[in-house]
Visitor: 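Below you will find the structure I want to go over with you.
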Amino acid sequence: MNSELLRLHGVRKSFGDHVVLREVDLTIEPGECVVLIGASGSGKSTLLRCVNLLEVVDDGVISFEGRDITDPRVDGDEVRSRMGMVFQAYNLFPHLDVIGNVTLALRLVHGVGAEEARSRGTAMLERVGLAAKAEARPDDLSGGQQQRVAIARALVANPRLMLLDEVTSALDPELVGEVLDLLTELKAEGVTMLLNTHEMGFARDVADEVCFLHDGRIHERGRPEQVIGDPQEDRTRAFLSRIRAS
Amino acid sequence: MTDQVDTAWEPSEVQRERDEWRRRRTIRSAAIASGSTVLLIGVVGGLVVSSPGWERVQETYFDWDKAVSSFPAVLEGLWLNIRVMALCAVLIVALSLTIAVMRTIRGPVAFPLRLVGTAYVDVFRGLPLLLVIFLLGFGGPALSLSGLPTSALFWGCAALVLSYSAYVAEVFRAGIESVHPSQRLAGRSLGLTYGQTLRHVVLPQAWRRVIPPLMNDLVSLQKDSGLIAVLGVVDAIRAAQIETAIDFNYTPYVVAGVLFCCLTIPMARLTDRYARKKGYHGAGGHL
Ligand SMILES: Nc1ncnc2c1ncn2[C@@H]1O[C@H](COP(=O)(O)OP(=O)(O)OP(=O)(O)O)[C@@H](O)[C@H]1O
Ligand SMILES: [Mg+2]
């Protein structure tokens, strides 16, 4: 019965007096792609950071691969090494070149030798179309290129779960298509994904399930064509009509 | 996504004209710069030399024969300054980095570390360097602790290291704290431990940022290495003093001063070069 890869139950997170996540329940099956939508500031990034144990939740339980990872006795580093996270602002390491960014965790965390790390990193860069930029510094890349390096960095150690924060926000439509292809490929390989986005078209194409986050709760969830195409809740409808209007 | 090299490109008429104009302007700028420099030096030099009393000033401070005769002794003293500085610099970097890291570790377990680090910095930043040199330089040998040398040189260096490390630790700490928290998050999200994130993500970035202020402290150390002369160690300043005492001609001090500048100025240029090579883009650029 315990087939889900990730399960959130009653997750609460606040910063000072500001309650961002009130009571979030969510389950993700292996191989599934779940997309979070919601207004700016609704806590989508916070939710991803909580799952990655970069924030400590105030209450509730997050289980990953059947284990409660919010238990303080759990080794967070080990949990994070089996997830890949792509940040909204990329957070690439400016003092390392592209290949250095991609191979750092392989060498330090996964104990892969320098040579093998390099060949795996290069293969990953080829996959995101950036093999030619391996020696470049992140600051010398365009926003979309940095985004793809960040994806490569998160993917290279074969994570069980990918957390993607606004992966398409800096990309033009053509590159959005490329990222979409990449994510579809990953899905076919069985990589489970939790991501958030402001682009409903992208959400509709990539998601198995869409969750609308509002007021610290998941207000509505379901197939993309249902939540985005024919929302049942007033809040969801209001949010979507505002997005379409802009 | 591939960049092609455009081999067929030839600069246009407009571009050639621009390049030509820039080239002419560069030559003109250089000519103006050197002309005005020579003029300024000439005017200032003329004023100084023609002023009354110049002869006496020249005799006491710029006596060529005295400079030549005192040069070997002062230079030998300077060699001691250089060695003291090099050794102390290495020890200071090691000690201050340790202190800085101790002060930035979070969590209750590390509280004693933070306390020790803070107390150390507070005390040794508060004490005048000369006082520490007196305390250790005269007090240290008197203790005659087994295992520790009693030479004034050893205790003088110890005083320099202890005092400077307090300052440099604060420079390192500022550098560590200037690295954006999202960099730590990115490191941790990849599964790196706290220590690995510090070592491979935070410190390399902090290091690059603190090089300019660090070099400033190094230059300052080079000069302050002369303070151990008060312990009777014969460094460049003490050597100059000895030479001066012979005939009350102060030229040896000028010789020592020039030699100190000859050390620090190239170091400042080297610092700029190193920082640039490491990809440190300060303000400026070509605009
Ligand atoms: N470290 C923090 N300290 C204090 N408040 C924070 C912190 N991180 C996030 N917040 C607050 O939590 C709320 C949710 O932020 P979050 O970044 O999760 O929003 P989001 O849904 O990702 O928004 P966007 O779509 O604009 O990226 C915001 O009001 C934000 O100000
Ligand atoms: Mg966000």
Side-chain angles (χ1 to χ4, degrees), chain A residues 45 48-49 51-55 75-97 100-111 126 128-133 137-140 142 144-145 148 150 153-157 159 163 165 174-175 178, chain B residues 1-6 97 100-101 105-110 172 174-212 214 274-287:
Chain A
S45 302
L48 295 189
R49 284 204 302 273
V51 171
N52 202 209
L53 300 185
L54 294 173
E55 302 279 5
D75 177 4
D77 297 327
E78 193 271 332
V79 171
R80 280 186 288 262
S81 73
R82 284 182 290 129
M83 298 182 186
M85 171 125 185
V86 180
F87 294 87
Q88 192 162 1
Y90 323 135
N91 300 7
L92 296 176
F93 305 128
H95 62 295
L96 298 176
D97 57 11
N101 266 275
V102 174
T103 56
L104 185 71
L106 277 183
R107 291 188 291 111
L108 293 181
V109 181
H110 301 273
E126 255 157 36
V128 296
L130 283 175
K133 297 285 185 188
R137 296 267 160 180
D139 286 347
D140 298 335
S142 75
Q145 290 169 334
R148 282 181 284 155
R153 182 176 72 175
L155 260 180
V156 75
L163 304 166
D165 198 351
E174 191 188 342
L175 291 178
E178 274 181 33
Chain B
M1 248 171 264
T2 48
D3 300 317
Q4 286 165 333
V5 184
D6 193 355
L97 198 56
V101 168
I105 294 179
R106 269 161 243 154
V109 186
F172 274 125
I176 289 172
E177 280 169 1
S178 77
V179 176
H180 197 272
S182 67
Q183 288 289 309
R184 278 183 201 260
L185 286 191
R188 298 308 292 279
S189 87
L190 290 170
L192 271 61
T193 62
Y194 183 94
Q196 286 174 324
T197 307
L198 188 70
R199 161 76 184 77
H200 295 276
V201 175
V202 177
L203 285 182
Q205 296 183 51
W207 176 250
R208 222 182 327 170
R209 284 179 210 184
V210 300
I211 285 174
L214 216 56
Y274 176 76
R276 256 202 308 278
K277 208 177 79 194
K278 281 278 176 178
Y280 175 86
H281 304 290
H286 73 110
L287 280 182

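Just so it is clear: chains get the letters A, B, ... in the order the sequence lines come, proteins before strands, and each one is counted from 1. What you see is a predicted model; the values in this text were computed from it and never measured.
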Visitor: Taking all atoms of both residues into account, what is the closest heavy-atom pair of A/V109 and B/L192, and its distance?
Guide: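 In this case the closest contact between A/V109 and B/L192 is CG2-CD1, 3.5 Å.
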Visitor: Would you say A/H95's side chain and B/H200's backbone share a donor-acceptor pair under 3.5 angstrom?
Guide: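 Yes: the side chain of A/H95 pairs with the backbone of B/H200.
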Visitor: Can you find a heavy atom in the side chain of B/H180 that is under 4.5 Å from one in the side chain of A/N91?
Guide: no
Visitor: Could you state the interatomic distance from CZ (A/R153) to OG (B/S189), rounded to the nearest 0.5 Å?
Guide: 6.0 Å
Visitor: Between B/V179, B/V201, B/T193, who has the most heavy-atom pairs with chain A when the cutoff is under 4.5 Å?
Guide: B/V201
Visitor: Donor-acceptor pair, distance only, cut-off 3.5 Å: does the side chain of B/Q183 make one with the backbone of A/L92?
Guide: yes
Visitor: Just wondering, do A/F93 and B/P204 contact through their side chains at under 4.5 Å, heavy atoms?
Guide: no
Visitor: Using a cut-off of under 4.5 Å for heavy-atom pairs, which of A/L96, A/D77, A/L106 has the most such pairs with chain B?
Guide: A/D77
Visitor: Are more than 12 heavy atoms from other residues, nucleotides or ligands located less than 6.0 Å from atom CZ of B/R184?
Guide: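 Yes, enclosed.
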Visitor: Between A/R80, A/M85, A/E78, which residue shows the highest count of heavy-atom pairs closer than 4.5 Å to chain B?
Guide: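 Going by pairs under 4.5 Å, I would pick A/R80.
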Visitor: For A/R49, which atoms come within 4.5 Å of any heavy atom of chain B: side chain, backbone, both, or neither?
Guide: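 Contact with chain B is through the side chain of A/R49 alone.
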